[in-house]
There are 2 protein chains.
Amino acid sequence: MKQTKISDAVVKRLPLYLQVLNELKAREVKTVSSQELGHLLDFNPAQIRKDLAYFGDFGRKGIGYEVDYLIEKIRHILKINQTISVALIGAGNLGHALCNYNKYSKDNMQIVAVFDAHEAKVGTKINNLVVQPMEELADTIKQQKIRIGIITVPAQEAQNVANQLIAGGIEGILNFAPTILRAPDEVRVQHADFTKELLSLAYYLNHKEEGYDESDMD
Amino acid sequence: MKQTKISDAVVKRLPLYLQVLNELKAREVKTVSSQELGHLLDFNPAQIRKDLAYFGDFGRKGIGYEVDYLIEKIRHILKINQTISVALIGAGNLGHALCNYNKYSKDNMQIVAVFDAHEAKVGTKINNLVVQPMEELADTIKQQKIRIGIITVPAQEAQNVANQLIAGGIEGILNFAPTILRAPDEVRVQHADFTKELLSLAYYLNHKEEGYDESDMD
DNA sequence: TAGATTGTTAATCGATTAACAATC
DNA sequence: TAGATTGTTAATCGATTAACAATC
């Protein structure tokens, strides 16, 4: 029984592999080498082979990887086979977008409940889901076996919502609010804050030439 | 004139520093040590000092960093002072959410134009911005000095939209579509794909215990 | 002054890449 | 078989952390 701690860097790349493999499958490509995958993803082929080798021997020497087979393996590693129930808190614009996105997505996440603290929102419908009041959060988590909470409320309310999710026994949180959440170690918190992406994009646009020039500061 | 190549890891942390500093400022905290910042962010204090030192000597030995001053310095580094014009392509749910978000945001990005390929959308309004047809993209980029394009169209259309942005002379792209974009080296492409965050979250929920156990595969 | 904390060098840690025997 | 490509070990590279002189 081989057990290795897989690094965050590797886990982050798995969804990317899956994405490219799905695109290859759509193009009816049957096998692919680490060389080709590396070219498509701008990764080093050795890195791809090493990443995949953490989980088993999926390739064939001299041939490469069978696309269908590798997809199945990675789906298995990420446990996409089983559906995970998700709650969304914050029925604003972003919440709507995510619900809508979720409806068409074919991966394992399923938003099964939506909550909002504002009375005006409670009772309205998003894609057949009735927006519930926050008071029902803990009970619903238990009844519907919800494991992940997506936070799409304003930054000031995010920690409060997180606390309620944690109290309700949530296992993971995807936080869209631009604030850092405190959570116990058992609860995995992932940030999906595109403002940070925009800010670093701005940095790169303004420092395109090369390194940072300290005299810029004056 | 000291010039150093700043690593991606450092640039990614700058917005986080800014975020925490802004929260400290709101609480009227005047100075903060790398120790305290490290505690708030779960970072090593030495790392914070090293990161900041790339850009200049912002702290005072024995005291720490002045919150207001450091905020100004980081804003300067990220060039948040000057506004950057942004175009959004894809007037769907996510596009709406981003426009709305942008209206209230106080940072440097400003969505100044919205485009959509679908006739039904063209001419409708999002926060005072009239949705324009794709044909006007290149001209608008030039006229309005747009530097960044945000892509919120379905995955299949994303590369096509990216090509049009690139042809129009865009400098950076923030891609929300779950697909990998090909772009020349001069154009910085940043991915803001929360599906990937969700997938890795799922991984961690299912492999909480410890390392990966290869016999799980059977 | 004594205590605290920076900026920075050196040490450590971990992740990426190169290289190659194994083998399809 | 000859050519290709894996899985894996060893080498390299880069990022994080520890340690400490400088100094507020």
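Within every chain, numbering begins at 1; the chains are lettered A, B, ... in the order of the sequence lines, protein sequences first and strands thereafter. Values below: every heavy atom of this structure, side chains too, minus hydrogens, waters and symmetry copies.
Contact record, L181(A) with H191(A): N-CE1, 4.1 Å, taken as the closest heavy-atom pair. Of all heavy-atom pairs between Q19(B) and I180(A), the closest is OE1-CD1, 3.4 Å. Between F194(B) and A192(A), the shortest heavy-atom distance links the atoms CB-CB, 4.4 Å. The two residues R147(A) and I84(A) come nearest to each other via the heavy atoms CB-CG2, 4.0 Å.
For the salt bridge (Lys or Arg N to Asp or Glu O under 4.0 Å) condition, no pair includes a residue of residues 81-92 of chain A, sequence neighbours left out. The ring-ring contact (aromatic ring centres under 6.0 Å, His included) contacts involving residues 154-174 of chain B comprise nothing, where partners must be two or more places apart or lie in separate chains.
You'll find that the side chain of R13(B) is closest to dT16(D), out of dT16(D), dT8(C), dA18(C). For Y65(A), whose side chain is taken as the heavy atoms from C-beta onward, the closest listed nucleotide among dT17(C), dT5(C), dG7(D) is dG7(D). For D57(A), whose side chain is taken as the heavy atoms from C-beta onward, the closest listed nucleotide among dG7(D), dT16(D), dT6(D) is dG7(D).
Rounded to whole angstrom, the span from the NZ atom of K50(A) across to the C1' atom of dA15(C) amounts to 8 Å. Rounded to whole Å, the distance from CG on D51(A) to C1' on dT8(D) is 14 Å. Protein atom OH of Y54(B) is 12 Å distant from nucleotide atom C1' of dT9(C), rounded to whole Å. Between F43(A) atom CZ and dA18(C) atom C1' there is a gap of 18 Å when expressed in whole angstrom units. Distance CZ (F55(B)) to P (dG7(C)): 13 Å, rounded to an integer number of Å. Atom pair K5(A):NZ and dA15(C):C1' shows a separation of 14 Å (rounding to whole Å applied). A straight line from CD of Q35(B) to P of dT6(C) spans 8 Å, rounded to a whole angstrom. The distance from atom CG of N44(A) to atom P of dT8(D) is 17 Å, rounded to the nearest whole Å.
Put simply, the side chain of Q190(B) never gets that close to the backbone of L198(A): no donor and acceptor are under 3.5 Å apart.
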Hey, can you pull the donor-acceptor pairs under 3.5 Å for the side chains in residues 148-158 of chain B, sequence neighbours left out?
| unit_1 | atom_1 | unit_2 | atom_2 | d |
| --- | --- | --- | --- | --- |
| T152(B) | OG1 | I89(B) | O | 3.1 |
| T152(B) | OG1 | G90(B) | O | 2.7 |

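For S34(B), no side-chain nitrogen or oxygen approaches OP1 or OP2 of dT5(C) to under 4.0 Å.
Under 3.5 Å, the side chains of T179(B) and E23(A) contain a donor-acceptor pair of N or O atoms. Counting only N and O atoms by type, the side chains of Q47(A) and D51(A) include no donor and acceptor under 3.5 Å apart.
A residue-by-residue look at E36(B) and Q47(A) shows that E36(B) has its nearest nucleotide of DNA chain C further toward the 5' end.
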With Watson-Crick and G-U wobble geometry limited to distances under 3.5 Å, how should the secondary structure of DNA chain C be encoded in dot-bracket form, using | for bases paired to another strand and [ ] for crossing pairs?
..||||||||||||||||||||||

N/O to N/O distances under 3.5 Å, protein versus nucleotides 12-14 of chain C:
none

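Counting only heavy atoms from C-beta outward, the side chains of I71(A) and L24(A) never approach each other to under 4.5 Å. In this structure, the side chains of L18(B) and I80(B) come closer than 4.5 Å at one or more pairs of heavy atoms.
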Which letter, B, S or -, goes with each nucleotide of nucleotides 19-24 of chain C from 5' to 3', with contact meaning a protein heavy atom under 4.0 Å?
B--BBB

